[in-house]
Amino acid sequence: MAEIINNSASTVYTLNGSTNTANSNVLPVNLETNTGLIITKSSNPDTFLAGDIITYTITITNSSSSYLNGVRIIDDLGGGNLAYVLSSAKLTVGSLTYPVSPVSTNPLTFTLQQLGVGETMTLTYNAQVIFNLPSTVSLITNDVRGIGYTASGTITGSDSTTIQKKTDVDFSITKSSNVTDIEPNQTFSYFLTLENNTSSQAVISSVTDNLPQNFNLTSVSLKVGSGPDETLNGTDYLLSLSNVLTVPSSSGPFITVPANSTSIITLTGYFS
């Protein structure tokens with residue numbers, strides 16, 4: 001079973017003499033608290049406009065010690081902001097791929113085949129962003145649950161993925177990670193990408209990230225434009241007792257984002 005941990009960041013920057021604030025997307029990662037049914041979900045692309053088609057990929061792994069007589073997948077379709085594209089679902093088991101049909105589309109539900117101990121299968125399907133999407137919706141978080149049926153009961157797993165509305169903005173901050181499914185004490189990295197889409201250099205006043213309480217930060221690095229990835233010293237950033245990270249500190253590095261380029265802050269650590 002997995003615990004879904006959501007996190008986001010924000011930045012204050014100066015561009016062309018004007019100081020502004022930008023907020024990142026909300027990034028979910030799965031902290032696997034025990035073995036059982038491991039569900040990993042991804043989306044392509046991860047940005048959208050109304051009417052766009054999104055391809056979702058769900059990897060299902062039986063990490064329990066029990067044979068599964070069947071697996072059920074239930075997807076909430078982004079709370080109604082997405083619609084399943086008919087006849088788009090396919091299941092891959094080993095080298096074999098074949099079409100599958102949902103038993104329901106509200107919520108989107110698939111009843112899949114057996115799954116042996118340690119085996120994995122992959123479900124893919126398309127969903128369309130609804131055309132009458134409210135203008136206030138800038139993020140669509142899509143939750144999926146899996147139920148594995150054993151001879152004596154069930155095991156469960158879950159995951160989610162968030163897609164962000166496409167924007168034509170001068171400056172943005174995006175949060176990502178090198179994994180979406182992790183275990184306690186497994187080292188991984190969050191990436192804060194600052195993107196400057198103008199012909200002028202942007203100066204970063206601060207980047208703030210309310211890190212999850214059980215996230216243990218071990219290192220912070222900074223890459224400006226095409227420059228090298230440099231590890232920051234503990235005095236270059238602030239980490240409060242409530243796990244709020246601020247970069248840079250009052251004595252920290254001078255951070256810029258070159259014109260038509262990006263700067264990336266990497267936060268490495270683990271969940272306890």
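The figures here come from the full heavy-atom set of this structure, side chains too, leaving out hydrogens, waters and symmetry mates.
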> Give every residue pair that meets the salt bridge (charged side-chain N to carboxylate O under 4.0 Å, His left out) criterion with at least one member in residues 142-158, sequence neighbours excluded.
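Every pair satisfying salt bridge (charged side-chain N to carboxylate O under 4.0 Å, His left out) with a residue in residues 142-158: there are none.
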> Please list all pairs meeting salt bridge (charged side-chain N to carboxylate O under 4.0 Å, His left out) that have one or both residues in residues 205-223, counting only residues at least two apart or in different chains.
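Every salt bridge (charged side-chain N to carboxylate O under 4.0 Å, His left out) pair that includes a residue of residues 205-223, provided the two are not neighbours, is Lys175-Asp209.
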> In a table with atom names and distances, give each donor-acceptor pair under 3.5 Å that connects a side chain of residues 262-272 to protein atoms at least two apart or in another chain.
{"unit_1": "Ser263", "atom_1": "OG", "unit_2": "Thr256", "atom_2": "O", "d": "2.7"}
{"unit_1": "Thr268", "atom_1": "OG1", "unit_2": "Ser189", "atom_2": "OG", "d": "2.8"}
{"unit_1": "Ser272", "atom_1": "OG", "unit_2": "Asn216", "atom_2": "ND2", "d": "3.2"}

> If we count only N and O atoms by modelled type, under 3.5 Å, do the side chains of Asn16 and Ser200 hold a donor and an acceptor together?
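A donor-acceptor contact under 3.5 Å links the two side chains.
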> Got a sec, which hydrophobics cluster with Val244, joining ILVMFWY side chains under 4.5 Å apart, including via others?
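Its cluster partners, ordered by chain and number, are none at all.
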> If you link ILVMFWY side chains whenever their heavy atoms are less than 4.5 Å apart, which other residues fall into the same cluster as Leu139? By chain and number, please.
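For the cluster that includes Leu139, the remaining residues are Val26.
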> Please report the shortest heavy-atom distance between Ser206 and Thr246, naming the atom on each side.
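Scanning both residues, the minimum pair turns out to be CB-CG2, 4.3 Å.
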> Minimum heavy-atom separation for Phe131 to Gly51, with atom names?
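That closest heavy-atom pairing would be CE2-CA, 3.6 Å.
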> Hey, does the side chain of Asn233 reach the backbone of Thr235 with a donor-acceptor pair shorter than 3.5 angstrom?
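Checked: no pair found.
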> Considering residues at least two apart in sequence or located in another chain, which fulfil the side-chain contact (heavy atoms from CB on, under 4.5 Å) criterion with Val93?
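Once residues adjacent in sequence are excluded, the partners of Val93 under the side-chain contact (heavy atoms from CB on, under 4.5 Å) criterion are Leu91, Gln113, Met121.
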> Enumerate the residue pairs fulfilling salt bridge (charged side-chain N to carboxylate O under 4.0 Å, His left out) with a member in residues 73-96, sequence neighbours excluded, ordered by first and then second residue.
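Listed by first then second residue: Lys41-Asp75.
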> If you group Ile, Leu, Val, Met, Phe, Trp and Tyr whenever their side-chain heavy atoms sit less than 4.5 Å apart, what else falls in with Tyr149?
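Joined to Tyr149, directly or through intermediates: Ile74, Ile147.
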> Restricting to side-chain hydrogen bond (donor to acceptor under 3.5 Å, both in side chains), what partner residues turn up for Ser138, sequence neighbours left out?
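Here no residue qualifies.
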> How would you list, by chain and number, every residue that makes a side-chain contact (heavy atoms from CB on, under 4.5 Å) with Ser43, sequence neighbours excluded?
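Ser43 satisfies side-chain contact (heavy atoms from CB on, under 4.5 Å) with Asp46, Ile54, Tyr56, Thr161, Ile163 only.
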> Other than Phe254, which residues form its hydrophobic cluster under the rule that side-chain heavy atoms must be closer than 4.5 Å?
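Under the 4.5 Å side-chain rule, Phe254 groups with Val203.
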> Using side-chain contact (heavy atoms from CB on, under 4.5 Å) as the criterion, list what pairs up with Leu232, not counting sequence neighbours.
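By the side-chain contact (heavy atoms from CB on, under 4.5 Å) rule, Leu232 matches Val220, Leu222, Asp236, Tyr237, Val247, Pro253.
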